[in-house]
Amino acid sequence: MFKALADPTRRQVLQLLRHGPKSAGELAEHFPVSKPTMSAHFAVLRAAGLIDSDKQGKAIIYRLKMSVLEEALMEFSELLGLNLAQRAGKTSGHANLRKASTK
Amino acid sequence: MILKRTSFAIALAVLTLGMAAGLKYAGSLDLIGPEAARRTMQVTVGLILAAYSNLMPKDVGPWRASAAAMARSQSALRVGGWSMTLAGLAYAGLWAFAPLAFADVASTAVVASAMVITLGYGGWTLLACRSSKRQPLDVGGHV
């Protein structure tokens with residue numbers, strides 16, 4: 001969970017989902033990264049249990065699934081700019097992202 | 001999932017009852033006073049309320065066809081979760097540190113206010129949901 005919250009892109013995805021469920025395409029529009037990278041971010045968030053997804057037609061819809069504590073932790077790391085978890089899990093985090101994008 | 005939740009709830013109930021019995025026993029042995037026993041029990045109740053409410057926004061339920069309905073139910077769960085969690089923590093804090101007479105009144109007021117906020121906002125979102133037209137999810141693109 002800490003690794004999932006450590007990445008600013010993933011935190012921004014969670015912020016966007018606060019306003020309600022969004023399709024993967026809608027979310028991806030906000031980030032200058034490739035679709036496979038976004039998919040990998042979604043996979044990490046889903047694995048951490050922070051978001052939930054549903055396939056509707058050709059699209060995948062995501063919605064927020066965060067507890068109060070998880071949301072508070074996200075806010076703290078966002079406000080204080082804490083990247084400690086990111087530093088600690090940099091190597092393993094990147095490895096997870098690569099693994100998720102190859103799935 | 002239901003079995004897991006029920007088991008957790010039963011375990012928590014057993015823990016609470018065991019704690020109450022333990023505190024009563026400790027009181028009968030003059031190990032703790034009645035005030036300390038009462039405070040300990042009420043702090044536990046506050047923390048249990050906070051722990052349960054913490055998970056409230058995670059319990060998102062089944063997928064709905066309407067984007068607006070899902071956004072509103074998510075918003076109601078978040079408002080309820082936050083208000084009840086903060087109320088639980090405030091309840092525990094008041095019983096831990098405030099004078100007994102003040103804690104008695106203030107803790108009830110805090111939890112009652114949180115319940116009013118939760119139920120009021122939930123009711124308002126339900127009414128808003130029923131009065132609005134059904135709006136399908138925008139499935140403009142996919143990754």
Side-chain angles (χ1 to χ4, degrees), chain A residues 1 4 9-10 13-46 48-75 97 100-101 103, chain B residues 1 4-5 8 46-92 111 114 117-118 121 125 128-129 132 134-143:
Chain A
M1 194 260 288
T9 306
R10 291 199 282 269
V13 168
L14 295 170
Q15 299 272 13
L16 288 167
L17 287 174
R18 272 178 170 183
H19 307 289
K22 284 184 172 46
S23 70
E26 274 180 294
L27 290 167
E29 279 170 14
H30 294 84
F31 305 96
V33 293
S34 67
K35 286 185 174 182
T37 308
M38 276 317 288
S39 280
H41 281 307
F42 294 145
V44 172
L45 288 170
R46 209 170 37 216
L50 300 176
I51 60 169
D52 191 17
S53 66
D54 186 44
K55 199 163 185 194
Q56 296 188 3
K58 284 184 176 178
I60 302 170
I61 311 296
Y62 291 99
R63 66 178 172 179
L64 204 62
K65 204 182 170 187
M66 289 177 91
S67 69
V68 174
L69 184 65
E70 286 164 346
E71 208 176 320
L73 279 171
M74 183 187 76
E75 281 302 321
L97 205 61
S101 63
K103 274 182 189 173
Chain B
M1 184 74 169
K4 196 178 164 187
R5 278 188 191 178
F8 179 68
L47 293 178
I48 289 172
L49 175 65
Y52 261 107
S53 311
N54 171 51
L55 297 174
M56 197 171 154
K58 237 178 156 63
D59 196 9
V60 282
W63 284 84
R64 294 175 180 88
S66 160
M70 279 206 288
R72 284 192 176 120
S73 81
Q74 178 185 303
S75 151
L77 285 171
R78 282 187 63 222
V79 168
W82 272 94
S83 60
M84 292 306 289
T85 303
L86 292 176
L89 292 175
Y91 187 97
V111 174
I117 290 169
T118 305
Y121 191 76
T125 48
C129 216
S132 68
R134 194 171 145 165
Q135 186 188 352
L137 279 165
D138 179 10
V139 289
H142 62 96
V143 177

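Throughout, protein chains are lettered first and strands after them, A, B, ... in sequence-line order, and every chain is numbered starting at 1. As the structure is a prediction and not an experimental result, all values here were calculated from the model.
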*Below 4.5 Å from any heavy atom of chain A, which atoms of B:Arg78 appear? Answer side chain, backbone, both or neither.*
side chain

*So which of A:Glu71, A:His19, A:Glu70 has the largest heavy-atom pair count under 4.5 angstrom toward chain B?*
A:Glu71

Looking at every non-hydrogen atom in both residues, tell me the closest pair between [X] and [Y] and how far apart they are.
| X | Y | answer |
| --- | --- | --- |
| A:Gly20 | B:Ala71 | CA-CB, 3.9 Å |
| B:Ser53 | A:Val68 | O-CG2, 4.0 Å |
| A:Tyr62 | B:Trp63 | C-CH2, 4.1 Å |

*Go through B:Ser73, B:Ser75, B:Pro57 and name the one with the most non-hydrogen pairs under 4.5 angstrom from chain A.*
B:Pro57

Can a donor-acceptor pair be found, under 3.5 Å and without considering hydrogens, that links the side chain of [X] to the backbone of [Y]?
| X | Y | value |
| --- | --- | --- |
| B:Lys58 | A:Lys65 | yes |
| B:Gln74 | A:Arg63 | no |
| B:Asn54 | A:Leu69 | yes |

_Is A:Leu27 close to chain B through its backbone or its side chain, or both, or neither, when contacts mean heavy atoms under 4.5 Å?_
neither

*asked:* Let me confirm one number: the CG-CE distance from B:Leu77 to A:Met66, rounded to the nearest 0.5 Å.
replied: 14.5 Å

